[in-house]
Asks: 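Quick one: the structure is below, questions incoming.
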Amino acid sequence: MKIATFNINGIKARLPALLDWLDEARPDVALLQELKSVDEGVPHEPFEDRGYRVETHGQKGFNGVAILSRLPLEDVTRGLPGDDADPQARWIEATVTGARPVRVCGLYLPNGNPAPGPKYDYKLAWLARMEARVTELLALEEPVIFAGDYNIIPQPEDAARPEAWTEDALFLPQTRAAWRRLLALGLTDAIRAVQPHRPPAARLRDFTFWDYQAGAWDRDNGIRIDHLLLSPQAADLLEDAQIDKPVRGREKPSDHVPVWIELAA
DNA sequence: ATGTCATGAAAATCATGA
């Protein structure tokens, strides 16, 4: 089972690039973020023509997440539990069944800038709600995937220029501490789990986002903020994890690229 | 620092979010 996450930065603007990538990458499941559209604005036909069922959790203008699946899909839920008054569409779950069932959670974590401030407070509160939901799902002792745009740079080696991010909500100590708490619950960072051996001082350059501004892509001035975290039972099935970096260099690209895993499931 | 992009409301520019 191949599961991908991709922040597309607008379903309307990105449809051609998204379909080109789907046709070549052929993931069984694609978790999309930043639809920037209501549910009714997401076309189904181009995906259904390719064998994908479409489940969306949209919002006008901003945010919005979706699950595309070529495998049987059930028990779809929308919204991150823990605050019924939160109107932001940033979380969707479903169970997909290949050789065995896998619970997939697609997430678009708040950016949090400027920090400090109310937006950063929302990011930290959202992370606390996510910890609670992760804890619930881990108790099932089943394969579970938490994939999406985390808006978290976990470590200095996840940025080309870490010194430029020290005051940023994506890299502040509290943000990184919340990331470490997630891992401490028992989750595995898929990209880091399968990377080839490198010397400790190596610049890893496994980036997933390059700003549109200031020639960031041309300079490879990127950050790694799109992640797939795996429950222990999912990590046991992990066969591969890759970043589709060349997608960033194509025509009319998103500022993020797809990241995917292959599971023996 | 920003050399950008997408969206929506308002009305062919601007505010917002990233």
Asks: Looking across every strand, which nucleic acid part, if any, lies under 4.0 Å from Ala13(A) by heavy atom: base, sugar-phosphate, or nothing?
Replies: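 Sugar-phosphate: the residue Ala13(A), judged by heavy atoms under 4.0 Å, touches backbone atoms but no base.
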Asks: Tell me which nucleotide among dC5(B), dT2(B), dA18(B) gets nearest to the side chain of Tyr212(A).
Replies: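 Per side-chain heavy atoms of Tyr212(A), the pick is dC5(B).
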Asks: In whole angstrom, give the distance that lies between atom CD of Glu163(A) and atom P of dA1(B).
Replies: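 About 12 Å, once rounded to whole Å.
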Asks: Report which part of the nucleic acid Gly10(A) touches: base, sugar-phosphate, or nothing (heavy-atom distance under 4.0 Å, all strands).
Replies: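 Sugar-phosphate only.
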Asks: Nearest-Å distance, CG (Asn63(A)) to P (dG17(B))?
Replies: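 Distance check: Asn63(A) CG to dG17(B) P gives 10 Å.
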Asks: To the nearest Å, how far apart are Asp218(A) CG and dT4(B) P?
Replies: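 Rounded to the whole Å, the gap is 12 Å.
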Asks: For Tyr108(A), answer base if it contacts any base atom (sugar-phosphate contacts may also be present), sugar-phosphate if it contacts only those atoms, and nothing otherwise; contact means non-hydrogen atoms under 4.0 Å.
Replies: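 Counting heavy atoms under 4.0 Å across all strands, the contact made by Tyr108(A) is with sugar-phosphate only.
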Asks: Which comes earlier along DNA chain B counting from the 5' end, the contact point of Gly112(A) or that of Val38(A), where each point is its nearest nucleotide?
Replies: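 Checking each residue's closest nucleotide, the 5'-ward one belongs to Val38(A).
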Asks: Evaluate side-chain hydrogen bond (donor to acceptor under 3.5 Å, both in side chains) for Gln33(A) paired with Thr5(A), printing each intermediate quantity in order.
Replies: CA-CA 8 Å; Gln33(A) 301 90 41; Thr5(A) 175; 2.9 Å; yes
Asks: Of all the nucleotides listed (dA1(B), dA18(B), dA6(B)), which has the minimum atom distance to the side chain of Arg14(A)?
Replies: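 Nearest to the side chain of Arg14(A) among the choices is dA6(B).
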Asks: Rounded to whole Å, how long is the line connecting atom CG of Asn221(A) with atom P of dA1(B)?
Replies: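 It works out to 12 Å between those atoms.
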Asks: Syn or anti for dA11(B), taking syn as within 90° of 0?
Replies: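 Anti conformation for dA11(B).
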Asks: Using only heavy-atom distances, determine whether the side chains of Asp220(A) and Trp210(A) contain a donor-acceptor pair under 3.5 Å.
Replies: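 Judged by distance alone, the side chains do pair up.
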Asks: Indicate the ring-plane relationship of His227(A) and Tyr150(A), choosing parallel, tilted or perpendicular according to the 30° and 60° boundaries.
Replies: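 Perpendicular.
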Asks: Please figure out whether Ala164(A) or Lys60(A) has its closest DNA chain B nucleotide nearer the 5' end.
Replies: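 Looking at the nearest nucleotide for each, Ala164(A) comes out on the 5' side.
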Asks: Can you tell me how far apart CD1 (Ile11(A)) and NZ (Lys36(A)) are? Round to the nearest 0.5 Å.
Replies: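 Here the rounded value is 12.5 Å.
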Asks: Using the P atoms only, state how far dA11(B) lies from dA15(B), rounded to an integer number of Å.
Replies: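 My reading of the P atoms in dA15(B) and dA11(B) gives 12 Å.
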Asks: Would you kindly give the OH-to-C1' distance between Tyr120(A) and dA18(B), to the nearest whole Å?
Replies: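 Taking OH of Tyr120(A) and C1' of dA18(B), I get 17 Å after rounding.
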Asks: Report yes if a side-chain nitrogen or oxygen of Lys252(A) is closer than 4.0 Å to either non-bridging phosphate oxygen (OP1 or OP2) of dA6(B); otherwise report no.
Replies: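 True: Lys252(A) side-chain N/O within range (under 4.0 Å) of dA6(B) OP1/OP2.
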Asks: Asn111(A) has an atom CG; how far is it from atom P of dT16(B), in whole Å?
Replies: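 Nearest whole value for this atom pair: 16 Å.
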Asks: Measure the distance from CG on Asn9(A) to C1' on dT4(B) and round it to the nearest whole Å.
Replies: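 It is 10 Å, rounded to the nearest whole Å.
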Asks: Please round to the nearest 0.5 Å and tell me the distance separating atom NE2 of His256(A) and atom CG of Asp244(A).
Replies: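 Answer rounded to 0.5 Å: 15.0 Å.
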Asks: So Arg90(A), base contact, sugar-phosphate only, or nothing? Heavy-atom distance under 4.0 Å.
Replies: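 Here Arg90(A) touches the backbone only, sparing every base.
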Asks: Rounding to a whole Å, what distance do you find between Asp226(A):CG and dA18(B):P?
Replies: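 The distance from CG of Asp226(A) to P of dA18(B) comes to 14 Å, rounded to the nearest Å.
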